[in-house]
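FYI, side chains are in, hydrogens and waters are out, and symmetry mates aren't considered; it's all heavy atoms of this structure. Predicted model only: the values in this text are computed from it and were never measured.
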Amino acid sequence: MKRSWYLPLMLVSALLIFLAGNHLSSHVFRSLRIDLTEDGLYQLSPGSLEVINRINEPVVWEFYHSRSLAAQYPAIRSYASRVREFLRAYEEASGGAIRLREIDPEPFSVDEDAALAAGLIPIPTETGEPIYFGLVASNAVDETAIIEQFYQENESRLEFELTQTIAEIERPRAPRLGVITSLAISPDSGAPNRFIQELMGSYALDWLERDFEALPENIDALLILHPGDLSDAQLYLIDQYVLGGGNLIAMLDPLAHMALRPGPDGLPPLDADRGSDLGGLTAAWGVVWDRETAVMDRSLGLQVQITGSDGRLTSRAYPLWFSIGPEHLSDADGATSDLARGVNFGSPGLFAILPETPFDVTPLMRTSPDGARIDADLAAASPGPDELLAGYYPAPQPLILGARLNGMALTAFPEGPPAEEALFNPADHLSTGAAPARIILIADADWLDDSYYVNRDPAFGELVVADNLALAMNLIDSAAGDEALIGLRSRAPSYRPMERVDQLRADAEARYFALQAELEAEIATNQARLDELESSGAASALYADGSGSALDEARALREQILEARARLREVEREFRRDIDALDAWLQFWTIFMPPFLVILIAMAGVFVRRRREGRS
């Protein structure tokens, strides 16, 4: 064989081996899966495996994906690949109980009609041809559940949504949840926020009126969300519900901004309650709650924009609004142990646990060791960061923001039902628990408002930035729903931030903002003194005294202000240069350096081979 044929034959052989290996791996070894990602992005959680093992009737998953159209959109194509791999992981784990069908619906086809009839929401395109990207789950008895569209911004919820479709068609009925609240968040009183929409999708809700005289029968749990003032009769109903072994989730607040939100007339509701409590119930449970005390944390404060005296915006940490990270959440409770993005709070309260509590108590979340108390009246006045820090006294130990209580309760009405109430039969009174109760207490209500965990970006839409919703639903699932779903709402997304780069950028911003604040303070001080001289006329040559000292001082102040402003502009230019240099350095190492190293290694290989050939 001619030597000139060696290279073409080698290339053709390598191509054939590659194609054969690819075909073999995609068909013969398709069931073999190795997940080497740090967070196990393609591994199913124990909760998902538990739900899969409960499948009684085979489940059919129809994955609608307009593959040919989506190929023109890299973001959709990439996320569809991740969804497809996850669906296959379920199919493999089910041992045949889940049957996956991928459908590419053509326009005006029977498949497109079926997708629309099922309730899938197509993605519009510039050409007018819709892209379908959703799932329809069904079983042999025609029970169905859908994912109307796979939204990439909800990637952290992907496993939860898929597992929920199985749980929905397998359970005999939706769990029932009684809701007591003074907030205008029900479907009848206003636009439900994300939390209420999530509840409505997972539970059958019984909304109680403010003057309720009985609790709904056959509820799986009772949710109390900033209830306002409750009568003795209403407190007694809740007391006896807990003693009967009922499950209770109570979210109280010393300063609920949601309750004071203006209505259509621009005014807050007439019956709005700033604070809330449960009367003597918490004391009977061995818990101290003070609706006049709020909590702040200067170490965990969220960044807010503050307008300075010169009209410039600066970023400052605001102690009343703070974010607790995973290190401040219980790692022993399933509802909190898997949360990674932190939970945001706004002027919450605190719980203190008494030694004589009849319950086993698990603190779910705490402040940092730098947490502090503040009077709710002072917090309601919207003080600035400097005002809060001026009178800041950290508590001796981290403050409890939420707790789980399990065990046999004691009544808050040892004398029996309220004497003036004829609704109750004293013979039915319970003094001690007839069955173990599960109580969850959270010291905030505002944390469920969308603004505390959702950022609205004009370019990327709504982005969930904290685990508020995931934690709330985990807690409710643990009390009333499917405990297998706990922890699935907060899986790590496949997006991996460049943490080192983000830290370098944050350090540069911190240095810039510190120097900016120093220069702005200098300008403000000099400007205030100059305004004082000008208002008195001492800075005017016409009215100045003969000494000229005031004129000289005013002239010096003007020069100092101009010089400080020039330095401030230079600092801003240096900051932009530093960020540009960081971006350029990144581009060099990520774009240019890898191919350069490949070329260098190839050249070294050629050099070594030629030296060996020369010696031979």
Exercise. Do Glu327 and Arg366 sit within salt-bridge range, that is, some charged N less than 4.0 Å from a carboxylate O?
Worked result: no
For this session: Go through the side-chain N and O atoms of Ser231 and Tyr236 and say whether any donor and acceptor fall under 3.5 Å apart.
Result: no
For this session: Starting from the C-alpha separation in whole Å, work towards a yes-or-no answer on side chain to side chain contact (heavy atoms under 4.5 Å, CB included) for Met408 and Thr432.
Result: CA-CA 7 Å; Met408 305 296 286; Thr432 59; over 6 Å; no
For this session: Could you label the plane-to-plane angle of the Phe150 and Phe63 rings as parallel, tilted or perpendicular, counting under 30° as parallel and over 60° as perpendicular?
Result: perpendicular
Problem set entry | Ser202 versus Gln164, side-chain donor and acceptor atoms under 3.5 Å | yes
Seminar exercise, completed: Here the pair of heavy atoms bringing Asn344 nearest to Ala466 is ND2-CB, 3.6 Å
Problem set entry | Short side-chain to backbone donor-acceptor contact, Asp206 and Arg176, under 3.5 Å | no
Exercise. Just by distance, do the side chain of Trp321 and the backbone of Tyr318 share a donor-acceptor pair under 3.5 Å?
Worked result: no
Exercise. Does the side chain to side chain contact (heavy atoms under 4.5 Å, CB included) test come out yes or no for Trp207 and Asp188, once each step is laid out?
Worked result: CA-CA 10 Å; Trp207 296 89; Asp188 296 334; over 6 Å; no
Exercise. Please walk me through it: do Ser368 and Asp297 pass side chain to side chain donor-acceptor pair (under 3.5 Å)?
Worked result: CA-CA 7 Å; Ser368 76; Asp297 197 316; 2.8 Å; yes
Problem set entry | Main-chain N/O of Asp273 paired with His226 side-chain donor or acceptor, under 3.5 Å | yes
Seminar exercise, completed: Output for pair (Leu364 CG, Ile442 CD1), nearest 0.5 Å, gives 6.0 Å
Exercise. Between the main-chain N or O of Phe212 and the side-chain N or O of Gln234, is there a donor-acceptor pair closer than 3.5 Å?
Worked result: yes
Seminar exercise, completed: Tightest non-hydrogen contact, residues Pro369 and Pro394, listed as O-CB, 4.3 Å
Seminar exercise, completed: CD1 of Ile249 to CG of Leu177, rounded to nearest 0.5 Å, is 6.0 Å
Exercise. So how far is it from Leu223 CG to Leu248 CG, rounded to the nearest 0.5 Å?
Worked result: 8.5 Å
For this session: Measure the shortest side-chain to side-chain distance between Phe345 and Met365 over non-hydrogen atoms and say whether it is less than 4.5 angstrom.
Result: yes
Exercise. Do Tyr453 and Leu448 have side-chain heavy atoms sitting under 4.5 Å apart?
Worked result: no
For this session: Identify which one of Leu215, Val242, Ile439 satisfies the side chain to side chain contact (heavy atoms under 4.5 Å, CB included) criterion when paired with Leu222.
Result: Leu215
For this session: Determine whether Ser48 and Glu159 make a side-chain contact, defined as any pair of heavy atoms from C-beta on separated by less than 4.5 Å.
Result: yes
Exercise. Does any N or O in the side chain of Asp444 come within less than 3.5 Å of the main-chain N or O of Pro348, such that one atom is a donor and the other an acceptor?
Worked result: no
Exercise. With a 4.5 Å heavy-atom cut-off, do Val59 and Arg99 have their side chains touching?
Worked result: no
For this session: Check whether the side chains of Asp290 and Thr293 place a donor and an acceptor atom closer than 3.5 Å, and report yes or no.
Result: yes
Exercise. Do Ile180 and Ile238 touch side chain to side chain, with heavy atoms closer than 4.5 Å?
Worked result: yes
Exercise. Are Arg291 and Asp377 ion-paired here, with the side-chain N under 4.0 Å from a carboxylate O?
Worked result: no
Problem set entry | Inter-residue atom distance Leu158.CG - Ile147.CD1, 0.5 Å rounding | 7.0 Å
Exercise. Between Thr411 and Asp239, do the side chains contain an N or O donor and an N or O acceptor separated by less than 3.5 Å?
Worked result: yes
Problem set entry | Ring centers of Trp289, Phe351 separated by less than 6.0 Å | yes
Exercise. Is Asp370 salt-bridged to Arg298, going by a charged N under 4.0 Å from an acidic O?
Worked result: yes
Exercise. Within 45° of the six-membered ring axis of Phe86 and under 6.0 Å from that ring's centre, is NZ or CZ of Arg82 located there?
Worked result: yes
For this session: Determine whether more than 12 heavy atoms belonging to other residues, nucleotides or ligands lie under 6.0 Å from atom CD of Glu356.
Result: yes
Problem set entry | Exceeds 12 heavy-atom contacts within 6.0 angstrom, atom CG of Asn425 | yes
Exercise. Is there a side-chain contact between Leu237 and Glu213 (heavy atoms, below 4.5 Å)?
Worked result: no
For this session: Return yes if a side-chain donor-acceptor contact under 3.5 Å exists between Thr362 and Asp333, otherwise no.
Result: no
Exercise. What do the steps show when you test His328 against Phe322 for ring pair (Phe, Tyr, Trp, His ring centres under 6.0 Å), and what is the final call?
Worked result: CA-CA 12 Å; His328 306 114; Phe322 56 89; 9.2 Å; no
For this session: Over all heavy atoms of both residues, which pair between Ile169 and Thr144 is shortest? Give the atoms and the distance, please.
Result: CG2-C, 3.5 Å
Exercise. Where is the tightest heavy-atom contact between Asp467 and Arg341, given as atom of each residue plus distance?
Worked result: OD2-N, 2.9 Å
Problem set entry | Donor-acceptor side-chain pairing of Arg438 and Asn247 below 3.5 angstrom | yes
Problem set entry | Trace of the side chain to side chain contact (heavy atoms under 4.5 Å, CB included) decision for Leu225 with Ile185 | CA-CA 10 Å; Leu225 178 55; Ile185 55 176; 3.5 Å; yes
For this session: Would you name the heavy atoms of Pro363 and Val361 that are closest together and state the gap between them?
Result: CD-O, 3.8 Å
For this session: First locate atom CZ of Phe195, then atom CG of Asp449, and finally report the distance between them rounded to the nearest 0.5 Å.
Result: 12.0 Å
Exercise. Are any non-hydrogen side-chain atoms of Val454 and Leu469 less than 4.5 angstrom apart?
Worked result: no
Seminar exercise, completed: The side chain to side chain contact (heavy atoms under 4.5 Å, CB included) partner of Val287 among Leu354, Leu278, Leu405 is Leu405
For this session: Please check if the side chain of His257 supplies one atom and the backbone of Gly346 the other of a donor-acceptor pair under 3.5 Å.
Result: no
Problem set entry | Minimal non-hydrogen separation, Val51 against Ile166, with atom names | CG1-CG2, 3.7 Å
Exercise. Side chains of Ser182 and Arg210: closer than 4.5 Å at any heavy-atom pair?
Worked result: yes
Exercise. Do side-chain atoms of Ser276 reach the backbone of Asp253 as a donor and acceptor pair under 3.5 angstrom?
Worked result: yes
For this session: Could you walk me through whether Tyr151 and Phe133 pass side chain to side chain contact (heavy atoms under 4.5 Å, CB included), step by step?
Result: CA-CA 9 Å; Tyr151 297 96; Phe133 188 25; over 6 Å; no
Problem set entry | Value rounded to 0.5 Å, distance of CG in Leu329 from CG in Leu339 | 6.0 Å
For this session: State whether Arg194 and Asp450 are salt-bridged, where the test is any N-O pair (Lys NZ or Arg NE/NH1/NH2 against Asp/Glu carboxylate O) under 4.0 Å.
Result: no
For this session: Determine whether the side chains of Asp477 and Tyr203 contain a donor N or O and an acceptor N or O closer than 3.5 Å.
Result: yes
